Amino acid sequence: MTNLLSYTHFPVYSIMVLFLGAFLVVIAGKSKALRHIFAICAVTASLACLIALIKPVMIDGEVIAYWMGAREPAGGYAIGIALEVDALSLFFGLLIATAVFVSCCYSITYMRFDENVSQYYTLFLMLSGGVIGLVLSGDLFNMFIMVEILTFAAVALTAFRNKAHGALEAAFKYLVVGCIGSTCILAGTIMLYAQARTLNFAQLSAFIPGNFNTSTIIAFALLYIGFSTKAFIVPFHPLAADAHGAAPASISVLISGVLTKSGIYGIIRLTYFLFQSMALGKMQFLLVFIGSVSMFVCVTMALAQHDFKRLLAFHSISQIGYVLTACGLCTALGISAGLYHAMNHTLFKGLLFLAAGAVLQQTGTTDLNKLGGLSKRMPHTTVLFLIGAFSISGIPPFNGFASKWMVYQATYQKAVESGNIGFLFATIIALITSVLTLASFVKVSQSVFFGQLPEEYKDVKEVPFGMRFAMGIFAVLCIVTGLFRELVTHYLTEPAARAVFDVGKYINSMLGDGYASAVMGANAPVRTEVVFDMAGTWQPIHWLLLLCILLLAITLVALLGRYDTVSENKAALAEGKFDIFFGGEESVPSQVGGGDLFWGFKHNWRHYFSFMHDLHSGIVNDYALWAIVALALAMLYMLIVL
Amino acid sequence: MILFNYIASFFLIVLGFYCIVTKYNAVKTVIGLSIADYGVNLLIISIGFNPGGTAPIYTWGELNPSSFFVDPIPQALTLTSIVIGACTTAMSLALVIKLKESYGTLDTREIRRLNG
Amino acid sequence: MDLPFVREAVKNLFSRSSCDMYPLKPSEAAEQYRGRIEYDPTKCINCHFCERVCAGGAISVVEVPVEEGTQITRTFDLSTCTFCNTCADFCNTHAIKLTKDYHMIGLKEGDLLVSGTFVKAAKKKPAPPPAEAKPEEKAAPAIKPRDDGKPVQDPSKCVYCGICAKKCLGEALTVDRKEKLWKLDEDKCVSCGTCEEVCPKKAIIM
Amino acid sequence: MAIVYSSLVYLGYILIFPGFLFCFVAGMLITGIDRKIVAKMQKRVGPPILQPMYDFFKLMGKETIIPAAANKTVFLAAPIVGLAAMVVIQLFIPVISTPILYGTADLIVILYLLLIPALAEIYGGSASGSPYAGVGLSREMVTIIACELPLVLIFLSVAKTVGNAMGTGLCFSLSDIAAYQAANGSLMLKASMIPAAIAMLLVIPGETGNHPFDAAEAETEICEGMLAEYSGAPLGIYKLTHAIKTFTLTALFVALFLGGIGTGIVLLDALIEFAICVVLTIIFISLVHAVTARLKIEQLFKYYWTAVSAIALISLVLAWFGM
Amino acid sequence: MFKNLITESTAKSPWLFHINSGSCNGCDIELVAVLTPRYDAERFGFKLAGSPRHADIVVVSGPLTQQSLPRTLRAISQVPEPRCIVTIGSCPQSGNVFKGSYSVMAPLSKYVHVDVAVAGCTPKPEAIMDGLVQATEILKEKRKAWLEAKKNGLKDGPKAETEQEVPAAEDVPASGEEVQQ
């Protein structure tokens, strides 16, 4: 404890800096500049601490156990509260810190029109502190506390602009079902405590696999449901759709990029560490089934949306479906693909939400039927949006494709190894969902950025540089992680996958070596080697080289026709030479976008769409009912399976 | 005696969920939430009970191996859980007031602008 | 998806195409095809009938007084003509004929104009017709046609039915059945010959 | 020196043999033959075989009008990106059984690369801002979704069959598939692959947007759909992309299902492949073009997602149970 | 190197865009008949294009009624540069029997320079085919003229004839407002 700057203290620094920042922002009070400085400094400091941890944890593979108040475990029994940083939690921590950093830069210029912004920054920093705390904490009840912090902060931030359409309603629904989730987590934690008399993660994961009895199984179901409310998986996805619809864009980035990841982190910790039950076929089936259903349902719901941000919200849940399907496979390739997709998801989903925020700020509406042709007035935002749209729909050079490609390999390899045809359907659903994602983003780009510019948006100006800079960071990250697939998998996702499969080391580093084998004896977690060979080959760099050479060749061919015969002499404008061809009519502004796209697909599935539309009734009680029914089903399933 | 606590807490939780689901008034939903929360608090407290144990308050001198206490950790957890319950109720009531202001009604069947 | 025409399509694939290779093999129009107008100015007697009956107003005449009469150029504008052949029907001297040539492509201004000019000899003022040819003068042995081509009535054959008056486009004839009166108005008459043709009793001679 | 030589060969691959020039000529010839055969089937004489070349070079000479409401950069860049991606796909497909660019892409990458030319057309159309283009791109997107399910099932069944035989249980990389077919006979002969082959042949007209499935570019209904505002060189490049796509998809079919008949000499293989592609186009694109009427967009979708997907599913199930 | 190839192929692949400005459909059926197997204009590369942007030859039929005149002119102006205008039948050249009616604005040559006029009240398909082949020749000439002009400096080639010779079409009714009779 003497050397305060050694890297073992960095986990605590990254959390405390954020809470300190939240406090200082309130003190800063009136002066805007001071407030911004505090916010930015807190966020950068936390990111710096986590980056500094990459060397020891990721590369050397060390697991940092940090006991609060230096209360070492006495006699193999953990007394104090511990922070545990292994490759998995650092991976998520880094992800969250980057998203928080970019969102903070964005919200500096984005929130310049709102009043009482200091409360906004306090909640913002509380939320980010809570999430990083959740990811790094090694104590179950500490996790519950952090979950509570981020739920309150998220609800308050959703209702921040309470005059926005439906903001209050979204916040209320989020709060009600969020609290049901938190209550379940609390009940689950306590039932585990009743059995193991300890709250420390490592000790619990050493104790539980030995003695499964009804109360630990019910605790598992409760914790699973609690964390999936936080991750907005299928039974709870309308919450996310409402919350994103109304929340300011920088907060939607946090909710969709960060909170869902914390939910996924919780589920991975729960199933792979606490209960180590993923080896069971039935458990993998549960996660993959829930993942595929949420993938398909949310993408079809997104196709039917008329609001830009609600559409993005549904997409973020369908991408979380991908992550869950991949992580539920319990194979090395699966976990690595799932984590890689989780990272990519935060990046491109953040970019898309920031673009939506930019459109909302400049035009005042995100209704797809009213917007159109913004690319002429906001060129930079359009380019950034296109990068995000291409990467989410998985177009080769971008990062979405790299991770989706690994997800397909993982699911199909699992299907082949286990011979169970269920995983094959997961692959097919995943591929079809990817095309439907592409379809809905073509719909968005046609109805918002291309097509004809309506009258009232004639004088829309480009967003200030601050927002574009933030979007730029995400865009660059999207491209870089897409191109250098091997680097990312080697340095980030594989160490995390190794950590997931090496529970023994996790326990021993917390409670001293040999503890795991001593306590668990027979079923001590054996360390499975993380090695996977790809069934296919994909080098993005070669591909890009090819594309560039060919682009050069084809521009030569185009120049053959001398594109310079492009006659834009506006003189002939009067004759209507440059008007849009309307069958000869005067070119009346007529924007084809929003609701009237993809009639063919919607017509064939009209019964499905009308059924789903009625299912999402928007009444709080229905959502609460789904939550409780899901809880009951989960308990029943767990009791049968485990 | 302890068994009665568990049945009571289970009953409280189920009652809370029932109230959230069936009552269409926003305030009643909040009440349901807090009832469920109180149920869980009762569960936490009754877990830490050792028959015959005394309150875990002691001065340094009295501590000797024969003293037998009730488990202190659940009590700490209950404290935080009660505090969290209070915050949840406060936050949701604030939201309900705002909802009444902007929607003019408390009936959750009317508060459904975001659907489909 | 039933594919009804597959057999037929494959059969066509190997059979000769039913195209009659127009530009390589010239193709004749049908027999009475109404194509390009052919105008023979010599036959024309400038009775202006074709102009009157032409629906599209395609025929225009330019009359230029020249020393030995009037030079008349009549032009048929093919780009206005509907090729209905009415002018050819009405032209008694059959000066207009629609040929089978359908190749009417107009590149410059004048391509679609068919015109012909002729000089019509000036009319010598003939001695006034013997005014005394009264209706009751009966026994003229043989009514001789007048020299200026105007119609003359043969009272013996005439039954005063009035068809000639009705048919005369220029309303040059007035016939009264009761007073048995048949009167010709010289300057209205254009000596087109319709009355001669239409008279049932062939009582008119030109 | 070796680097310079190998990069020259690499460049040669890209620009000359299986790359741009070969695609240009092959694509044009196949479209010319297709139009001629369709004309013959209607008892017409039909245009000369080189008609697509004449169309392309005529369009190169025409003036390119950019509508005032269009977004100029995307409007001009879209066709070029579309054509580049199309030629790149052609590079990845092995010529019957000799892979050209070894180890850069596999079946799933091909599946996603086929999206880029269609996306180029969609974004070109939407950048032009015309309402016809809006309707066109909505139909094009539904066509892509429609063709996606059968393609996915076909690729998965091919991967599974080759995987079974190769022992790894799963093999996506095209070069391994080609090697497998070169070793023991083309896949077409295996029992489980015949439905997949039939499904693939049914998907080709839909994927390339040929007659019965060209609701997206219906010149009678929505004035050439997405290309309504294009004229001159960009339009020529779009037509070239469409031509190359017909050739690439038939070449993909040959690579996937008829791998066994390769002779090893690359140039000879290329001719054989081109001949087979011409025969396949005549049967499965021209005949279908001459005989059917244009489908409405939701009939097209229903046709692909029920009839063709069922055929493909049969082969997947057969492959799954190790036939 | 490609220049004369492009000029050659301009004549070899003319795409038609058909504008019916109030015609009795007689000429329209004849135009479509040209594409049928018997006459088969596709031998020369003719193809009906869906949008004026794709067209080389604009085929106008019908007496240019008052409602359709502004629309026809706008569609013609949207055709890219080396273009030809062909009128079929006598209606567009003179208004045929409808001449003088308050709603017929007939000769198209009043507003736009007409390159080829195919006469005949429903001209025979062979005549239309001759007209169109003639138009392809003119297309080639226009392209050559355009290249020359480009060579000696004119930025955008010769002002297209359509703008030069058209008399100030003062009596072109602005679309929508009635023509005072």
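Per chain, numbering begins at 1; letters A, B, ... match sequence-line order. Just so we're clear, the structure is a prediction, and the values are computed from it rather than from any experiment.
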Taken to the nearest 0.5 Å, the spacing of D/M60 CE from E/K3 NZ works out to 13.5 Å
The interface call for D/K40 against chain E, heavy-atom contacts under 4.5 Å, is neither
Interface check, chain E: of D/L59, D/L235, D/D55, most non-hydrogen pairs under 4.5 Å belong to D/D55
Filtered by a 4.5 Å non-hydrogen cutoff, the part of residues 49-65 of chain E contacting chain D is E/A49, E/G50, E/S51, E/R53, E/H54, E/A55, E/D56
Nearest heavy-atom approach of D/V45 to E/D40 is N-OD2, 2.7 Å
Between D/K43 and E/P37 the two heavy atoms that sit nearest each other are O-CB, 3.6 Å
**Asked** Should we say atom NZ of E/K99 is surrounded by more than 12 heavy atoms from elsewhere, each under 6.0 Å from it?
**Response** yes
Applying a strict 4.5 Å limit to non-hydrogen atoms, the region of D/L227 in contact with chain E is both
Rounded to the nearest 0.5 Å, the CD atom of D/E63 sits from the CZ atom of E/R83 at a distance of 8.0 Å
By residue number, those in residues 116-133 of chain E with heavy atoms under 4.5 Å from heavy atoms of chain D are none
Shortest non-hydrogen pair, D/P48 vs E/R43, comes out as CD-O, 3.5 Å
CG of D/L50 to OG of E/S9, rounded to nearest 0.5 Å, is 11.5 Å
All heavy atoms of E/I6 vs all of D/F57, minimum pair found to be CG2-O, 3.4 Å
Honestly, the part of E/T7 sitting under 4.5 Å from a heavy atom of chain D is neither
query = Is the NZ or CZ atom of D/K58 positioned over E/W15's six-membered ring, under 6.0 angstrom from the centre and within 45° of the axis?
reply = yes
Should D/R35 and E/K47 count as side-chain neighbours, where that means a heavy-atom distance under 4.5 Å?
yes
Between the NZ atom in D/K62 and the CG atom in E/L139, the distance rounded to the nearest 0.5 Å is 7.0 Å
